[in-house]
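Read through the structure below, which is laid out as structure tokens, and then see the notes.
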Amino acid sequence: MEKNTSFLKDQLHEHFDDIFETRLINELAQTGIYKVYKKGEMLLDIGDEMTHIPLILTGLVKVLREDQHEDEILLYFLEEQDTCAISFVNCINRKQSMFKGVVERDIEAIFIPVENIDSWLAKYKSWRHFIIDSYHFRLIEMVESIDSLAFMKMSERLLKYLTDKVKISNNVDLEITHQEIANDMNSSRVVITRVIKQLHDEGKIFSTRNKIKVLEFHE
DNA sequence: ACATTAAGTGATT
DNA sequence: AATCACTTAATGT
């Protein structure tokens with residue numbers, strides 16, 4: 001037990017040192033549960049009851065909304081230093097999740113039990129800021145997602161999707177199929193193929209089987 | 001060489 | 001922008 005706690009402490013210092021104060025890190029290390037998930041595993045399904053919230057050390061999780069007919073739409077990604085504050089509210093109310101979380105790139109995370117989350121809000125300023133910032137950031141991403149759906153043309157949406165992927169993976173070379181993109185964007189493969197071809201011809205991307213290189217993107 | 005999976009295309013709604 | 005039906009190209013065994 002002692003060994004495990006010190007391992008968690010090290011991990012937290014490595015990834016969250018600039019966010020959390022030492023006393024909080026000690027508490028997190030005592031109550032947190034360290035877990036590793038592989039790509040493709042589901043962290044959370046719609047309807048699951050929330051018992052823990054994740055602090056992501058490494059890797060990437062994508063958060064999706066799903067309708068009754070298994071159609072999915074990508075909402076946002078969680079990466080290092082992120083948590084899902086939305087799930088935190090669910091925790092406190094003991095409500096079921098509205099979202100689905102799937103591992104996009106192998107993750108290491110520390111799971112914090114519900115019981116502590118609430119009391120730490122009053123106790124630790126850094127924890128309070130962390131949760132509020134996270135909530136704020138998630139909201140901004142949601143608004144972007146709505147804008148994209150409501151106002152942008154397919155080609156603009158796709159380019160935003162691709163450039164977001166580039167930013168997150170720090171790599172302009174993406175390994176992805178048209179079908180996977182269609183799933184994330186709740187579109188059809190044929191439509192994606194045609195828009196990809198258009199962007200390719202415009203010189204904004206370079207695409208081959210299973211690969212897309214993003215040539216033009218702006219911060 | 002063959003089977004499987006990804007991508008391209010015209011026609012239609 | 002979506003769907004159908006089909007073709008063509010790339011890749012794995």
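Residue numbers begin at 1 in each chain, while the letters A, B, ... track the order of the sequences. No hydrogens, no waters, no symmetry mates; every other heavy atom, side chains included, goes into these values.
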Contacts of A:Asp18 that satisfy side chain to side chain donor-acceptor pair (under 3.5 Å) - sequence neighbours left out: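 For A:Asp18, the residues satisfying side chain to side chain donor-acceptor pair (under 3.5 Å) (neighbours in sequence not counted) are A:Gln81.
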Axis bend over the full length of the helix from B:dA1-C:dT13 to B:dT13-C:dA1, computed from five pairs that close each end, to 10 degrees: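 That helix gives 20° between its end axes.
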Check the hydrophobic clustering (I, L, V, M, F, W, Y; side-chain heavy atoms under 4.5 Å; chains of links allowed) and say if A:Leu78 and A:Met98 are grouped together.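 Yes, same cluster.
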Check the hydrophobic clustering (I, L, V, M, F, W, Y; side-chain heavy atoms under 4.5 Å; chains of links allowed) and say if A:Leu43 and A:Ile46 are grouped together.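 No, A:Leu43 does not connect to A:Ile46 through the hydrophobic network.
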Is [X] salt-bridged to [Y], cutoff N-O under 4.0 Å?
X        : Y        : result
A:Glu72  : A:Lys100 : yes
A:Lys62  : A:Asp184 : yes
A:Arg138 : A:Glu141 : yes

Identify, residue by residue, the members of residues 144-161 of chain A with a heavy atom below 4.0 Å from DNA chain C, and return them in order of residue number, or none.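 Those residues whose heavy atoms fall under 4.0 Å from DNA chain C, taken from residues 144-161 of chain A in numerical order, are A:Met154.
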Pull out every residue in residues 193-207 of chain A that has a heavy atom closer than 4.0 Å to any atom of DNA chain C, ordered by number, or say none.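 Residues of residues 193-207 of chain A that come under 4.0 Å of DNA chain C are, in numerical order, A:Arg194.
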Approximate separation, where rounding is to 0.5 Å, of A:Cys84 SG and A:Leu55 CG: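 So the SG of A:Cys84 and the CG of A:Leu55 are separated by 11.5 Å.
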Nearest-0.5 Å distance, CD of residue A:Glu115 to OG1 of residue A:Thr51: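 Interatomic distance, A:Glu115 CD to A:Thr51 OG1, rounded to 0.5 Å: 8.5 Å.
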Reading DNA chain C in the 5' to 3' direction, which nucleotide is the first one with an atom under 4.0 Å from a heavy atom of chain A, and which is the last?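 Both ends considered, the range comes out as C:dA1 to C:dT11.
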Please give me the minimum heavy-atom distance between A:Met142 and A:Leu75, naming the atom from each residue.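 A:Met142 and A:Leu75 have their closest heavy atoms at SD-CD2, 4.2 Å.
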Pairs where residues 175-203 of chain A contributes a residue and the test ring-ring contact (aromatic ring centres under 6.0 Å, His included) is met, not counting sequence neighbours: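 Passing the test, one end in residues 175-203 of chain A: A:His200-A:Phe206.
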For a side-chain contact (heavy atoms from CB on, under 4.5 Å) with A:His52, tell me which candidate from A:Ile33, A:Leu44, A:Thr31 qualifies.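 It is A:Ile33; the other options fail the test.
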Donor-acceptor side-chain pairing of A:His129 and A:Asp133 below 3.5 angstrom: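 The criterion, which ignores hydrogens and geometry beyond distance, is not satisfied for A:Asp133 and A:His129.
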Residues touching DNA chain B, which here means a heavy atom under 4.0 Å, drawn from residues 171-186 of chain A: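 Going residue by residue through residues 171-186 of chain A, the ones with a heavy atom under 4.0 Å of DNA chain B turn out to be A:Thr177, A:His178.
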Among residues two or more places apart or on two chains, list those pairs meeting salt bridge (charged side-chain N to carboxylate O under 4.0 Å, His left out) that have a residue in residues 142-151 of chain A.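 Non-adjacent pairs meeting salt bridge (charged side-chain N to carboxylate O under 4.0 Å, His left out): A:Glu144-A:Lys160.
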Can you list every salt bridge (charged side-chain N to carboxylate O under 4.0 Å, His left out) pair that touches residues 169-183 of chain A, not counting sequence neighbours?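 Counting only pairs at least two positions apart or across chains, the salt bridge (charged side-chain N to carboxylate O under 4.0 Å, His left out) contacts touching residues 169-183 of chain A are A:Asp173-A:Lys213.
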How far apart are the C-alpha atoms of A:Gln179 and A:Asn183, what are their side-chain angles, what is the distance that settles it, and do they pass the side-chain hydrogen bond (donor to acceptor under 3.5 Å, both in side chains) test? CA-CA 6 Å; A:Gln179 185 63 62; A:Asn183 293 343; 3.2 Å; yes
Among residues at least two apart in sequence or on other chains, which ones pass side chain to side chain contact (heavy atoms under 4.5 Å, CB included) with A:Ser126?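 By the side chain to side chain contact (heavy atoms under 4.5 Å, CB included) rule, A:Ser126 matches A:Phe20, A:Glu21, A:Leu24, A:Tyr124.
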What are the bounds, 5' to 3', of the part of DNA chain B that sits under 4.0 Å from heavy atoms of chain A?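 Result: B:dT5 to B:dA11.
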Report, one line per pair, each donor and acceptor closer than 3.5 Å where one atom sits in a side chain of residues 105-112 of chain A; sequence neighbours left out.
residue: A:Asp106; atom: OD1; partner: A:Lys39; partner atom: N; Å: 2.7
residue: A:Glu108; atom: OE1; partner: A:Tyr34; partner atom: OH; Å: 2.5
residue: A:Glu108; atom: OE2; partner: A:Thr58; partner atom: OG1; Å: 2.9

